[in-house]
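In what follows, a single structure is set out as structure tokens and then discussed.
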Amino acid sequence: QKEVEQNSGPLSVPEGAIASLNCTYSDRGSQSFFWYRQYSGKSPELIMSIYSNGDKEDGRFTAQLNKASQYVSLLIRDSQPSDSATYLCAVNANAGGTSYGKLTFGQGTILTVHP
Amino acid sequence: DARVTQTPRHKVTEMGQEVTMRCQPILGHNTVFWYRQTMMQGLELLAYFRNRAPLDDSGMPKDRFSAEMPDATLATLKIQPSEPRDSAVYFCANPDESGETQYFGPGTRLLVL
């Protein structure tokens, strides 16, 4: 069993719809959770971080965390063609200060937003 | 505009040759991570350094891979001898001092023939 699992997709949604990306993790002691976006041929870039149960909103993005279910999700509202990318879920088993940012990544979900 | 830089951006080599990849971390960011990304395995951690000392290189094949940080402005990843299965994109990354945000370099795309 992989430590961080994502549905590889591809996930295809029409422009303007809500895209829902899901991630599960195996280490119940995990502390920090991140979503990275990676455009084709580019490097990953951080778009959201979440540390406590519940929702965290930033513009069109909402991250949701449920530690009891070991589940993290990312919702993208009003999806745009420019959101088409691979979305990587990442987990830090320890608080950042003790592991210096060591992350375990999922395989990524390919999202396509079509006009 | 602080950013992580990597050279070369692309490398094509023949099996058995030595490959050296370089990373310049963001000045003052003392932790450097090396990742490898392939379609099959995704993004895998190879090794990481803190204040130039290796903290964990358990993800790295020891027989052919080596990673060093000779000074605060340069980290290197070497493969000797290279094999076709080493073909991948190799990323260097710096977290900020809280460890919560990783800044990735542009990557080195390696093709071993």
Filtered by a 4.5 Å non-hydrogen cutoff, the part of residues 39-66 of chain A contacting chain B is A/G41, A/K42, A/S43, A/P44, A/L46, A/Y51

All heavy atoms of B/M40 vs all of A/Q107, minimum pair found to be O-NE2, 3.1 Å

Are [X] and [Y] in one and the same hydrophobic cluster, where Ile, Leu, Val, Met, Phe, Trp and Tyr link if side-chain heavy atoms are under 4.5 Å apart?
| X | Y | answer |
| --- | --- | --- |
| B/Y35 | B/F65 | no |
| B/Y48 | A/F34 | yes |
| A/W35 | A/V113 | yes |
| A/L74 | A/L11 | yes |
| B/F91 | B/M21 | no |

Within residues 103-112 of chain B, contacts to chain A at heavy-atom distances under 4.5 Å involve B/F104, B/G105, B/P106, B/R109

Euclidean distance, [Y] [atom2] relative to [X] [atom1], rounded to 0.5 Å:
| X | Y | atom1 | atom2 | answer |
| --- | --- | --- | --- | --- |
| A/L103 | B/L45 | CG | CG | 8.5 Å |
| A/L88 | B/Q37 | CG | CD | 6.5 Å |
| A/K102 | B/D56 | NZ | CG | 4.0 Å |

query: With a cut-off of 6.0 Å (strictly less than), are more than 12 heavy atoms of other residues, nucleotides or ligands near NZ of B/K78?
result: no

Practice problem: Answer whether the closest heavy-atom distance between the side chains of A/Y36 and B/Q102 falls below 4.5 Å. | Solution: yes

